[in-house]
Amino acid sequence: MAQSANLWMWGWGRGECLGPADTGSGGTRPLNEVAKTAEDEDALKSVLERFSAKEAIDSVSGEQFAGKIEDLIDDLSEPNGNVSFPGPISEAFYWSDGDVVGIQGPVGSGKTTTLMKSRLRRAIMMPRSTIDGVRRYKVVFIRETYRQLWSTTIPSYLEAYPKSMGQWSGGRGDPVTHKMHFEDEYGPIEFTAEFKAFGDDIVASMRGLEATDIVLNEADTMPVLILTVAIGRIDRYPGRQHFAGLADILRSYGQICCDFNAPDEENWTFGVFHDEEERTKMSEKLTSSLPEGAKAIEMLFFLQPGYGEEGCENLQNLSPGYYPRQIAINELAGRGDMNERLVYNKITYMRVGDPIFLKHFNRRIHVAEDTLVPIAGIPLSIGLDQGFKPAAVIGQFIPSGTHGYWRLYAELHFPKERLLAKVFGDRLAVLLSSDRFSRFRVDAGWGDMAGEAGSSLADDENENWNLLAGGAAGITIRPQTVGANRINPRLEAMRSALDAPLVQGHPGLLCDPSMKFFIAGLSARYVWVDAVDTNGDKRKVPDKSHTEANVIDATQYLFLSQFLANGMSPNSLPNSNGQIGHNGGPSMSHRGAARPSGLITGHDILNPYGD
């Protein structure tokens, strides 16, 4: 069958976008009454185009629509159909018959509408029953709750398939079934759509489910278990007896179809769809379990360009101010990170609060584009954070002028495991013996004072952590004493590196792109939280409940190794030599006039700071 269509009933991108595709006025007469005046199909198209999606859904009657779906099906086989897709990526997704397919794009890109319309194409092209010639197709739309189904998925579905096209059963807040019957030149088609929520128990809720295809709308909002369970529920409808006698390649017809916005890097959709190597391994593993001669499992990913990129899709159906308006609103709300995901279609990290270094960290400046290579002749330094979920960060401090800068190469952290000191030290030793680091001497490791035997800050569980981990790794771990483990010097160590001026084209901090915990912490997950002291007073402190805090703490201990005992570094005051007042640095006066060196007498109690 030719891959072309004249889908005159449908506009693209509705449900996600504002603009021409959503506008229209149908007057006060019901659609079915107006449509009766149409003399031919072209006239009917003109009538329908004047109605909004909601008016069409609410007004169209089954009698008036009867017979028209057959015309629509006929258009699918027309070699010169005039269908207009949102863009080439969505069109390729529309025609895909992969076993697991996913499409990622910004809001308003038409991906969900394309997904809905592709279900009819799948129904038309599935094998006919060898018993009665009927093509029986069932698609199941799955979300976590019925509230989600009724607020987003079902409205999007109804814009493509109004209730009156078939038999609709089920009420708001409950499971729903929509069944349609129609014919084309190859015979009858039975199209069934079901909407189900899996709730708290995915396995139990999907037990006994039989479907041709399963749609995971907004797949990034669901747990990965839904994918592993759903893969065993597709290609089970209709029963195998309807394909008896067909070639093996025709007896398998099922698909898991996902659509989503740019996910968090920790989300399963990122691992499954963005990692091509991992996707290939999964396909091969699934294929190996199939009988000989069966079609190989195919997993496909379709990535739409973000706003501002060449080829951004569905702009023809959006108002010129659609994306700029969203950008402005998100910025005003202090959620510029949402623009990265929802507008620019960039992988990012979900904020869990107010990031401490939000105004200081810039991913475009502080994260290298490619893997960093250690600089020969300069030893490595390591920062470590003790505990049962320890962390280590490997870097080099590069002296340059009066400032210098940090290069960070790797992080070691296992958030899903609780590790004893020696076990973590063993794993650090393996990393240091890799080809990347084995040629370099380790100058020192710097750790928390709480992990040092004999320290007043040490606790029973961690007092010998530095000794055990360092011994296993083959390095010496020193307790970081600068600032006596107070939080302000540690935060200043990070801030001064982030804000340091460029030195010969280098920022004060440049990290390897593989350091996902470090990057996630600075951009989204190392955040402020309210703490109450013994006097009942509130104050802001770093939230240590998120695993990224362990890596950030390790980095702070590392950076403090270049600080003076007074908690100052050359980058703390980049326009000076690191000293203040009569020690040779800038004047402490706010008046701009230089003050004489040495002790100054004549303190004014009414103006203690000299303002």
Side-chain angles (χ1 to χ4, degrees), residues 265-266 271 349 366-368 370-375 378-397 406-452 461-462 464-480 490 493-494 497 509-526 542 544-561:
E265 279 200 21
E266 295 300 308
Y349 297 97
H366 298 115
V367 180
D370 301 310
T371 300
L372 292 178
V373 178
I375 297 176
I378 298 178
L380 300 175
S381 293
I382 303 174
L384 301 102
D385 186 48
Q386 48 76 31
F388 291 121
K389 290 193 175 181
V393 172
I394 301 175
Q396 286 179 320
F397 182 76
W406 283 99
R407 287 166 62 93
L408 302 182
Y409 302 112
E411 61 187 6
L412 193 67
H413 184 50
F414 305 91
K416 296 181 180 180
E417 300 182 64
R418 297 180 68 85
L419 301 178
L420 298 177
K422 183 182 182 305
V423 177
F424 184 77
D426 289 338
R427 296 188 183 184
L428 178 58
V430 172
L431 178 59
L432 291 174
S433 64
S434 65
D435 293 340
R436 190 181 185 193
F437 301 122
S438 60
R439 297 181 294 106
F440 292 85
R441 177 177 63 87
V442 176
D443 180 43
W446 300 92
D448 190 344
M449 289 177 64
E452 185 69 13
E461 291 83 1
N462 295 314
N464 63 348
W465 193 92
N466 290 346
L467 182 62
L468 289 173
I475 63 174
T476 299
I477 300 179
R478 304 172 184 173
Q480 184 54 265
R490 287 161 51 190
M494 184 68 73
L509 163 62
L510 185 65
C511 78
D512 192 273
S514 67
M515 297 179 62
K516 61 179 183 178
F517 295 113
F518 180 76
I519 297 170
L522 292 183
S523 60
R525 301 180 67 83
Y526 190 65
K544 298 300 185 69
S545 65
H546 304 293
T547 195
E548 291 81 4
N550 298 292
V551 177
I552 300 298
D553 285 352
T555 309
Q556 291 171 357
Y557 296 133
L558 174 62
F559 286 0
L560 282 172
S561 67

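Throughout, residue positions are numbered sequentially from 1 according to the sequence presented.
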Notebook entry, point to check: So, does Gln386 use its side chain to make a donor-acceptor pair with the main chain of Asp448 at under 3.5 Å?
Noted result: no
Note to self: Does anything in residues 428-438 form a salt bridge (Lys or Arg N to Asp or Glu O under 4.0 Å)? List the pairs, not counting sequence neighbours.
What the structure shows: Arg436-Asp512
Margin query: Can a donor-acceptor pair be found, under 3.5 Å and without considering hydrogens, that links the side chain of Thr555 to the backbone of Val551?
Written below: yes
Next item on the list: Please report the closest heavy-atom contact between Ala473 and Leu428, naming both atoms and the distance.
Entry: CB-CD2, 3.8 Å
Next item on the list: Mind listing the closest non-hydrogen atom pair of Asp426 and Ala472 along with its distance?
Entry: OD1-CB, 3.4 Å
Item checked: Trp465 side chain reached by Asp385 side chain, heavy atoms, under 4.5 Å -> no
Checklist line | Residues, nucleotides or ligands: over 12 heavy atoms within 6.0 Å of Lys544 NZ | finding: yes
Check: Side chains of Ile394 and Phe440: does their closest heavy-atom pair fall under 4.5 Å?
Finding: no
Check: Hey, does Leu419 have a side-chain heavy atom less than 4.5 Å from the side chain of Phe414?
Finding: yes
Next item on the list: Any pair with a residue in residues 407-418 that passes salt bridge (Lys or Arg N to Asp or Glu O under 4.0 Å), sequence neighbours left out, goes on the list, sorted by first then second residue, please.
Entry: Glu417-Arg427
Next item on the list: Show your working on side-chain contact (heavy atoms from CB on, under 4.5 Å) between Ile382 and Val442 and close with a plain yes or no.
Entry: CA-CA 8 Å; Ile382 303 174; Val442 176; 3.9 Å; yes
Notebook entry, point to check: Do Arg525 and Ile552 come within less than 4.5 Å of each other through their side chains, counting heavy atoms only?
Noted result: no
Next item on the list: Could you tell me whether the side chain of Gln480 reaches within less than 4.5 Å of the side chain of Ser561, counting heavy atoms only?
Entry: yes
